[in-house]
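Working notes, structure below.
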Amino acid sequence: MQTGLKTKLDYADYCAIPPDGKRYELIAGEVHVTAAPSPSHQRLVQRFLRILEDHFRSPMEVLISPIDVVLAPHDVVQPDLVVVADPAQVSDRGIEGAPLIIVEVLSPATAQFDRTTKAQRYAALGVPHYWLVDPASRQVECYRLAGGTYRSVASGGPEATLSHPDFPGLHISGPTIWR
């Protein structure tokens with residue numbers, strides 16, 4: 001019989017967290033909490049949602065936070081946007097396994113964590129594409145998983161139109177995003 005406290009939380013522990021308006025995530029079994037996003041953050045997420053929904057058609061699906069992405073028993077995240085290529089990944093719990101794309105809109109409180117800890121964990125768990133949207137620099141950065149790490153494949157600023165090499169026809173207009 002095991003005694004003592006758990007050192008690594010899992011999905012059941014995550015589900016037991018009482019709702020309090022904050023965003024909880026499990027990264028490698030550790031709880032991370034952030035406040036609800038600001039209205040400007042949500043507006044930016046909505047603009048991206050429209051662009052991605054226009055490009056990725058059924059059976060693919062674009063989903064917006066809050067939604068649980070259960071990457072592994074000890075990794076449950078709530079990214080701002082996810083693109084799911086396989087409809088079988090969508091369950092009553094949320095998204096099961098690595099979606100095609102995870103998009104995170106950075107905030108001053110989360111930027112460093114999103115760029116390091118989350119990026120490393122997403123790469124280790126096989127998320128093929130990780131995109132960062134940085135309101136502070138008005139940049140969009142797109143990364144592709146290669147050899148267990150993310151490599152930059154596209155980026156664009158406030159006046160540029162970003163085209164992604166893996167998704168022909170997907171164009172993200174800086175003036176549309178950063179208006």
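Quick caveat, the model's predicted, so the values are computed rather than measured.
Scanning all heavy atoms of the two residues, the minimum distance from Val83 to Leu52 falls at CG2-CD1, 4.2 Å. Minimum heavy-atom separation, Leu26 to Asp10: CD1-O, 3.3 Å. The two atoms that bring Ala123 and Gly148 nearest to each other are CB-O, 3.7 Å, heavy atoms only. In terms of heavy-atom proximity, Ile177 sits nearest to Arg47 at O-NH1, 3.0 Å. Here the closest non-hydrogen pair linking Gln89 and Ala98 is NE2-O, 2.9 Å. Residues Pro165 and Ala154 share a closest heavy-atom pair of CD-CB, 4.2 Å.
Legend: salt bridge (charged side-chain N to carboxylate O under 4.0 Å, His left out) pairs involving residues 119-129, not counting sequence neighbours, sorted by first then second residue: Asp75-Arg121. Sorted pairs that involve residues 78-98 and meet ring pair (Phe, Tyr, Trp, His ring centres under 6.0 Å), not counting sequence neighbours, are lacking altogether. Counting only residues at least two apart or in different chains, side-chain hydrogen bond (donor to acceptor under 3.5 Å, both in side chains) contacts with residues 153-162 are absent. Sorted by first and then second residue, the pairs that involve residues 39-84 and meet ring pair (Phe, Tyr, Trp, His ring centres under 6.0 Å), not counting sequence neighbours, are Phe56-Phe167.
Residue Tyr143 belongs to a hydrophobic cluster whose other members are Ile27, Leu63, Ile67, Val69, Leu71, Val77, Val82, Val84, Val90, Ile95, Ile102, Leu106, Phe113, Tyr122, Leu125, Val127, Tyr130, Leu132, Leu145, Tyr150, with links defined by side-chain heavy atoms closer than 4.5 Å.
If you take NE2 on His171 and OG1 on Thr176, they are separated by 12.5 Å, rounding to the nearest 0.5 Å. In this structure, Leu9 CG and Cys15 SG are separated by 12.0 Å, a value rounded to the nearest 0.5 Å. Between atom NE2 of residue His32 and atom NZ of residue Lys22 there is a gap of 15.5 Å, rounded to the nearest 0.5 Å. To the nearest 0.5 Å, atom CG of residue Asp80 and atom OG of residue Ser107 are 8.5 Å apart. Rounding to the nearest 0.5 Å gives a distance of 4.0 Å between CZ of Arg144 and CG of Asp166. The distance from the CD atom of Glu141 to the CD atom of Glu104 is 12.5 Å, given to the nearest 0.5 Å.
Applying the side chain to side chain donor-acceptor pair (under 3.5 Å) test to Ser40 and every residue at least two apart in sequence or in another chain returns Ser38. Contacts of Arg138 classified as side chain to side chain contact (heavy atoms under 4.5 Å, CB included), with partners at least two apart in sequence or in another chain: Pro158, Trp178. When the salt bridge (charged side-chain N to carboxylate O under 4.0 Å, His left out) test is applied to Asp54, no partner is found at least two apart in sequence or on another chain. Partners of Asp86 according to the salt bridge (charged side-chain N to carboxylate O under 4.0 Å, His left out) rule, which considers only residues two or more places apart in sequence or in another chain, do not exist here. For Arg151, the side chain to side chain contact (heavy atoms under 4.5 Å, CB included) partners are Ala146, Thr149, not counting sequence neighbours. Every residue meeting the side chain to side chain donor-acceptor pair (under 3.5 Å) condition with Arg93, not counting sequence neighbours, appears here in chain and number order: Glu96. In this structure Gln112 satisfies the side chain to side chain contact (heavy atoms under 4.5 Å, CB included) test together with Thr116, sequence neighbours excluded.
Both Leu170 and Leu81 belong to a single network of hydrophobic side chains, linked directly or stepwise wherever heavy atoms of I, L, V, M, F, W or Y lie under 4.5 Å apart. A continuous path of Ile, Leu, Val, Met, Phe, Trp and Tyr side chains, each step under 4.5 Å between heavy atoms, connects Leu100 with Ile51, placing both in one hydrophobic cluster.
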Notebook entry, point to check: Given His129 and His164, is the side-chain contact (heavy atoms from CB on, under 4.5 Å) satisfied, shown in steps?
Noted result: CA-CA 11 Å; His129 296 273; His164 196 290; 3.8 Å; yes

Item to check | Derivation of the side-chain contact (heavy atoms from CB on, under 4.5 Å) call for Arg115 and Asp134 | outcome: CA-CA 11 Å; Arg115 288 185 178 283; Asp134 188 349; 3.4 Å; yes

So Lys118 and Glu25, salt bridge (charged side-chain N to carboxylate O under 4.0 Å, His left out) or not? Walk me through it.
CA-CA 11 Å; Lys118 272 191 175 178; Glu25 297 180 303; 2.8 Å; yes

Subject >> Audit row: Cys142, Leu162, side-chain contact (heavy atoms from CB on, under 4.5 Å) steps and yes/no >> reply: CA-CA 9 Å; Cys142 300; Leu162 184 150; 4.0 Å; yes

| said: side-chain contact (heavy atoms from CB on, under 4.5 Å) for Arg23 and Val33? Distances and angles first, verdict last. | reply: CA-CA 6 Å; Arg23 286 173 63 176; Val33 61; over 6 Å; no

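Counting heavy atoms from C-beta on, the side chains of Pro37 and Val45 never come closer than 4.5 Å.
Asp68 places no side-chain N or O within donor-acceptor distance of the main-chain N or O of Val70, the cut-off being under 3.5 Å.
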